[in-house]
Amino acid sequence: MKALCWTGVNQVAVEDVPEPRLLNRQDALIRVTASSVCGSDLHLLDGYVPTVMAGDVLGHEFVGEVVEVGPDVRERRVGERVTVCSIIGCGRCRYCLEGLWSLCDNTNPDPGFLEKLIGHATAGIFGYSHAMGGFAGSHAEYVRVPYADVNAFPVPENVPDSSAVFASDAVPTGWMGADMGGVGPGDVVAVWGCGGVGQMAALASLRMGAERVIAIDRFPERLAMAEGIGAQTLDYRRVDVLDALKELTGGRGPDVCIEAVGMESHGTGAQYAYDRVKQATRLQTDRGLALRQAVHACRKGGTVSVLGVYLGVVDKFPMGAVMNKGLTLRSGQQHGQRYIPMILDRMRQGDIDASHLLTHPLPLQDGPKGYELFKEKRDGCVRAVFHPGSHPASSQAASEPATADAPR
Amino acid sequence: MPASLMPLAPLRRPAARGRTHRGRNGLLLLGAAAAAAGAVAARRARPARPRQSTWYAVTVQADPAELTGPDRPDVLARLAERHDVRVTPAPGGRGAEIAVAAADGRTREEVRALKQLLETGEVLVVEGQPEGRRTMLGRAALPVFRRLARRGAR
Ligand SMILES: NC(=O)c1ccc[n+]([C@@H]2O[C@H](COP(=O)([O-])OP(=O)(O)OC[C@H]3O[C@@H](n4cnc5c(N)ncnc54)[C@H](O)[C@@H]3O)[C@@H](O)[C@H]2O)c1
Ligand SMILES: [Zn+2]
Ligand SMILES: [Zn+2]
């Protein structure tokens, strides 16, 4: 079958690879109908996540059809259309039982690397390096899903792939960002980053009753999407974000600051130059400009909720602000299994629609182009989604509509 | 359709597979990988080294009573023939702590597999998945990485 593989730093290619087979009794095989790029992939692509190897199949945000189930699969059935959580849980360890699925004890078969790096191993993730379990990703015609009963969720009939695909990763991640922030009525929430994750964090905050959401980015088309969701926006190249946030919040600062940027934060001025040099020379592994800003901006006693991915150390982390302002700092890879059924149900009711994120439906063959558009944020690309079944000429017909006019 | 003749993985990992490298070597290589990746671990001050615990411990979502006495799982019984094994209730009724004395890499792998088997009924396999073209170095390095990472740091 065809699959999109990592072939080197900033290089991907479509290759012929063997088809997956069931390897465990609780596995299912999924025929992938839509598989999205994600900001997390950029950290892989750019070489900031160790243990990615040439030949690894990428992709972790996907939807598809169950084509085969192992003998110990009880709930999932062949023929079902399912959204699969990007992060793999077992459903039975203490962490999964407590809803902290991305901390699963049992789905990273090769935990030693992370144990050495961060003290403990966390859950396996599809297509996300050998440190994260070495699972083949979803940018392929078929993918194997372990513990299928707890990781694959049936999609309601009226929810198109173009929205359901994001119930795998971007939507639950955004939801978790607001949830960790404890967002409630009357809150002012600021969100750094208007990619799929930041936009969905803004949307979740509004659904949880936030009075106002302020979304920060520099790409006009992304800012416009955030406005479409109901957020106010700030372009950090035009305004001083810290000043603007104070003004917009009567001097208090946002109650909840959600960081949806991650370790390759862009920025302006000396801090940004400093971060780039230190990261390039490996004196720091992660660039934390947006993170610092979120901590600085947050009101006294507020919560900073970090969704952006970090793997190593961030330089100049303002611990003094966390301590003296009495901030709560929360973070994590998404615990998708905890939110996905609710999200799919809200999609069914029309309360959540994420399909506007899908700006570039492409056949899998165009994977390299999709990543280039997404990485460079060219042509208004927010998420490129690959449709392995379709072919270049018929890609439009085979894919869901690229934009959604559905009410939000 | 993907291949449907599916030789399902055995419920338990075969106990012993080619085990040339053991503990130290393994950790060194693993450490090297981490450092090469620009990871953090490197800069630790090294005064006289504090003594490391010789016990390897995991917590399992299981009733401690099921892990002791004559009906305890075979794997645990066999481990106990080679090592001191301690099973104690985790605080707050949160499962059982299994600690194994003088655990080498292979034993750590076995203990982890035991935990996974007890909790989920199977041990996840990642060998045999689709993969694209590997470099020659990559092809050689992957099984080594997996073996070391599976045995784990401690
Ligand atoms: N926690 C999780 O489980 C999880 C899941 C998915 C993605 N993520 C992470 O979330 C982050 C965002 O993912 P995405 O898919 O939306 O990525 P994306 O690349 O589409 O979006 C990132 C956005 O951040 C903006 N940005 C960069 N620097 C900024 C700054 N200083 N201030 C404000 N905005 C800035 C960029 O312009 C871009 O629009 C990534 O780090 C990704 O790895 C985490
Ligand atoms: Zn993702
Ligand atoms: Zn688990």
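Sequence lines set the chain letters: A, B, ... in the order given, protein chains first and strands last, and positions in each chain run from 1. These numbers were taken from a predicted model, which means no experiment stands behind them. The analysis underlying the following values was restricted to heavy atoms, covering all of them including side chains, and did not include hydrogens, waters or symmetry mates.
Rounding to the nearest 0.5 Å places CD of B:Glu127 at 9.0 Å from CG of A:Leu23. Atoms CD and CZ, on A:Glu115 and B:Arg108 in that order, are 8.5 Å from each other to the nearest 0.5 Å. Note that CD of B:Glu122 is 4.0 Å distant from CD of A:Gln26, once rounded to the nearest 0.5 Å. Between the CG atom in A:Asp110 and the CZ atom in B:Arg146 there is a gap of 6.5 Å [rounded to 0.5 Å]. Taken from SG in A:Cys5 to CZ in B:Arg133, the straight-line distance is 8.5 Å, to the nearest 0.5 Å. Taken from NZ in B:Lys115 to CG in A:Asp105, the straight-line distance is 3.5 Å, to the nearest 0.5 Å.
In this structure, B:Pro130 and A:Met1 have side chains that are in contact, with non-hydrogen atoms separated by less than 4.5 Å. For the pair B:Phe145/A:Met53, no side-chain contact is recorded, criterion being any heavy-atom separation below 4.5 Å from C-beta on. Contact annotation: the side chain of B:Leu124 approaches that of A:Tyr147 to within less than 4.5 Å [non-hydrogen atoms, C-beta and beyond]. Side-chain contact check for A:Pro111 versus B:Arg112: some heavy-atom pair is nearer than 4.5 Å.
By the salt bridge (Lys or Arg N to Asp or Glu O under 4.0 Å) test, B:Glu131 pairs with B:Arg134, sequence neighbours left out. Under the rule for a side chain to side chain donor-acceptor pair (under 3.5 Å), A:Asn108 has no partner lying at least two apart in sequence or in another chain.
Looking at A:Thr107, both its backbone and its side chain come within 4.5 Å of chain B, counting heavy atoms on both sides. For a residue to count as touching a neighbouring chain, one of its non-hydrogen atoms must lie under 4.5 Å from one of that chain's; by this rule A:Ala3 does not touch chain B.
Of all heavy-atom pairs spanning B:Val126 and A:Gly133, the tightest one is CG1-O, 3.4 Å. The shortest non-hydrogen separation linking B:Val125 to A:Asn24 is N-OD1, 2.9 Å.
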Ignoring hydrogens and angles, write down the donor-acceptor pairs under 3.5 Å from the side chains of residues 67-74 of chain B, residues two or more places apart or on other chains.
residue : atom : partner : partner atom : Å
B:Thr68 : OG1  : B:Pro64 : O            : 3.2
B:Thr68 : OG1  : B:Ala65 : O            : 3.4

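Most heavy-atom pairs under 4.5 Å with chain B, from the set A:Leu4, A:Asp16, A:Asn106: that is A:Asn106.
Of all residues in residues 91-100 of chain A, those placing a non-hydrogen atom less than 4.5 angstrom from a non-hydrogen atom of chain B are A:Arg92, A:Cys93, A:Arg94, A:Leu97.
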